[in-house]
Amino acid sequence: MAMLEIKNLSKSFGDLQVLRDINLCVEKGQVVVIIGPSGSGKSTMLRCVNLLEKPSGGEILYQGEDIMHLGKSVKNYRKRVGMVFQRFNLFGLHTVLENVMLAPVQLNKADKTQARERALDLLDKVGLKAKADVYPHTLSGGQQQRVAIARALAMDPEMLLFDEPTSALDPELVGDVLEVMKKLAGEGMTMLVVTHEMGFAREVADRVIFMDEGYVVEDGAPEVIFTNPKNERTRAFLSRVLHK
């Protein structure tokens, strides 16, 4: 059974149809990277998977369970499927350490001492243990995003969703965030990643999905998508982004 299975997913905002008959599976331990032009529906699909947007039609199955009918269990689902956003959404009035501790203590009722130790370990993992006691506004964008990844990991998720995690960063700050993501992939974290970072997609992805105009246009191994895409729209998109 796939960890995540999306069947015939559609999403409309009024008369605007953003997602059209999306079908895809993510297996446990896979890194699936979604690429495509702005406005193609990539982020909307990810937000549907996290139930931040309510799908208009279709099914989303997580470990065989239809998540569209979870009701009050949505919070438990989001503990299992974490999300890292384009904007870091850190709490400015809390230190870096407190940001990482907050959800385990408040939502999981974790022991504060244990939560603190775990948070420090996670900050060490993303290379920011030395910044534990500072406030987010003192950090660069790349550092804030790494704190956001540590915060998502603090809930011990089974799967992580990344919504363009580097697109708000200055180019020189992108590499440190991608290195953390590569490390997670190497450790077997199941990941569904929307990104414009073609090098990351090529190097780390098990599968690359190209979306355009709300459709999944092509789905394949990175070596196929990047060297011999079958669809003309995929070829045109990659020709533009790879030869800038």
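Because only heavy atoms are used, hydrogens play no part in the values below, and waters and symmetry mates are left out as well, while side chains stay in.
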Check: Do other residues, nucleotides or ligands put more than 12 heavy atoms under 6.0 Å from K183 NZ?
Finding: yes
Item checked: Residue pair L51 / R78, side-chain heavy-atom distance below 4.5 Å -> yes
Margin query: So does Q145 get a backbone contact from the side chain of Q143, meaning a donor-acceptor N/O pair under 3.5 Å?
Written below: no
Check: Yes or no on side-chain contact (heavy atoms from CB on, under 4.5 Å) for F162 and V177, after CA distance, side-chain angles and deciding distance?
Finding: CA-CA 11 Å; F162 290 86; V177 174; over 6 Å; no
Item checked: Reported OG-to-CZ distance for the pair S73 and R80, which is rounded to 0.5 angstrom -> 10.0 Å
Next item on the list: Would you indicate whether the side-chain heavy atoms of S40 and E213 approach each other to under 4.5 Å?
Entry: no
Checklist line | Donor-acceptor contact below 3.5 Å, side chain R235 vs main chain P229 | finding: yes
Next item on the list: Assign the ring pair H94 / F91 to parallel, tilted or perpendicular, where the plane angle (0 to 90°) is split at 30° and 60°.
Entry: perpendicular
Checklist line | Min side-chain heavy-atom separation L184-E187 under 4.5 Å | finding: yes
Check: When hydrophobic residues are tied together by side-chain contacts of less than 4.5 Å, even through go-betweens, does L4 share a cluster with M155?
Finding: no
Margin query: Is there a continuous path of hydrophobic side-chain contacts, each under 4.5 Å between heavy atoms, that joins M101 to Y135?
Written below: no
Check: Taking only residues two or more places apart in sequence or in another chain, which ones pass side chain to side chain contact (heavy atoms under 4.5 Å, CB included) with S43?
Finding: D163, E164, V194
Margin query: Quick one: does any side-chain atom of S56 pair with a main-chain N or O of S12 as donor and acceptor, under 3.5 Å?
Written below: yes
Check: How long is the gap from CG on L97 to CG on L102, to the nearest 0.5 Å?
Finding: 10.5 Å
Check: L24 versus L9: any side-chain heavy-atom pair under 4.5 Å?
Finding: no
Note to self: A side-chain contact here means heavy atoms from C-beta on lying under 4.5 Å apart; do F200 and V33 qualify?
What the structure shows: yes
Check: Do F13 and T44 have side chains that get closer than 4.5 Å, going by heavy atoms?
Finding: yes
Next item on the list: To the nearest 0.5 Å, tell me how far L107 CG sits from K109 NZ.
Entry: 7.5 Å
Note to self: Is it the case that over 12 heavy atoms from other parts of the model lie below 6.0 angstrom from the NZ atom of K230?
What the structure shows: no
Next item on the list: Would you check if L61 and K7 make a side-chain contact, meaning some heavy-atom pair closer than 4.5 Å?
Entry: yes
Notebook entry, point to check: Between E158 and Y62, does a side-chain hydrogen bond (donor to acceptor under 3.5 Å, both in side chains) hold up when you go through it step by step?
Noted result: CA-CA 11 Å; E158 300 160 348; Y62 184 73; 2.6 Å; yes
Next item on the list: Let me know which of V49, L192, L160, L46 forms a side chain to side chain contact (heavy atoms under 4.5 Å, CB included) with M83.
Entry: L46
Next item on the list: List the atom of V100, the atom of A150, and the distance in Å for their closest heavy-atom pair.
Entry: CG1-O, 3.9 Å
Checklist line | Least distance between heavy atoms, K11 atom then P55 atom | finding: CD-CA, 4.2 Å
Margin query: I need the minimum non-hydrogen distance between G92 and P136, along with the two atoms involved.
Written below: O-CD, 4.1 Å
Item checked: D66 side chain vs M68 backbone, donor-acceptor pair below 3.5 Å -> yes
Item checked: Closest approach of Q144 to L90 (non-hydrogen atoms, all atoms of both residues) -> O-CD1, 3.6 Å
Check: For the side chain of N23 and the backbone of N8, is there at least one donor-acceptor N/O pair under 3.5 Å apart?
Finding: yes
Margin query: Tell me if a side-chain donor or acceptor on R20 pairs with a main-chain N or O of G214 at a distance below 3.5 Å.
Written below: no
Notebook entry, point to check: Is there a path from V32 to I225 through hydrophobic residues (I, L, V, M, F, W, Y) whose side chains come within less than 4.5 Å of each other?
Noted result: no
Next item on the list: To the nearest 0.5 angstrom, please state how far the CD1 atom of I67 sits from the CD atom of E59.
Entry: 11.0 Å
Note to self: As an exercise, state the distance from OG1 of T166 to CG of D176, rounded to the nearest 0.5 Å.
What the structure shows: 12.0 Å
Notebook entry, point to check: Which pair of non-hydrogen atoms, one from R151 and one from N89, has the smallest distance, and what is that distance?
Noted result: NH1-O, 2.9 Å
Note to self: I need the minimum non-hydrogen distance between K42 and I35, along with the two atoms involved.
What the structure shows: CD-C, 3.5 Å
Next item on the list: Could you walk me through whether V208 and F226 pass side-chain contact (heavy atoms from CB on, under 4.5 Å), step by step?
Entry: CA-CA 9 Å; V208 174; F226 285 106; 4.0 Å; yes
Check: Counting only heavy atoms not in R116, do more than 12 fall under 6.0 Å of its CZ?
Finding: no
Notebook entry, point to check: Do other residues, nucleotides or ligands put more than 12 heavy atoms under 6.0 Å from the CZ atom of R87?
Noted result: no
Notebook entry, point to check: Does E172 offer a backbone N or O that forms a donor-acceptor pair with the side chain of D170 under 3.5 Å?
Noted result: no
Margin query: Hydrophobic clustering (ILVMFWY, side-chain heavy atoms < 4.5 Å, transitive) - are I34 and V193 grouped together?
Written below: no
Next item on the list: Answer yes or no: does atom CG of L16 have more than 12 heavy-atom neighbours from other residues, nucleotides or ligands under 6.0 Å?
Entry: yes
Next item on the list: Indicate yes or no for a side-chain donor-acceptor contact from N231 to the backbone of R233 under 3.5 Å, with no hydrogens or angles considered.
Entry: yes
Next item on the list: Walk me through it: do N76 and K79 pass the test side-chain contact (heavy atoms from CB on, under 4.5 Å)?
Entry: CA-CA 5 Å; N76 288 329; K79 292 177 187 177; 3.5 Å; yes
Item checked: Distance in Å, L128 CG paired with L120 CG, rounded so as to fall on 0.5 Å steps -> 12.0 Å
Notebook entry, point to check: Please walk me through it: do I149 and L153 pass side-chain contact (heavy atoms from CB on, under 4.5 Å)?
Noted result: CA-CA 6 Å; I149 293 172; L153 291 171; 4.1 Å; yes
Check: Has Y77 got more than 12 heavy atoms of other residues, nucleotides or ligands less than 6.0 Å from its OH?
Finding: yes
Next item on the list: Quick one: list whatever passes side chain to side chain contact (heavy atoms under 4.5 Å, CB included) with D206, sequence neighbours left out.
Entry: Q30, V31
Note to self: Hydrophobic clusters here meaning ILVMFWY residues chained together by side-chain heavy-atom distances under 4.5 Å, can you tell me if V81 and I60 are in one?
What the structure shows: yes
Next item on the list: Side-chain contact test, heavy atoms from C-beta onward, threshold under 4.5 Å: evaluate it for L123 versus K131 and give yes or no.
Entry: no
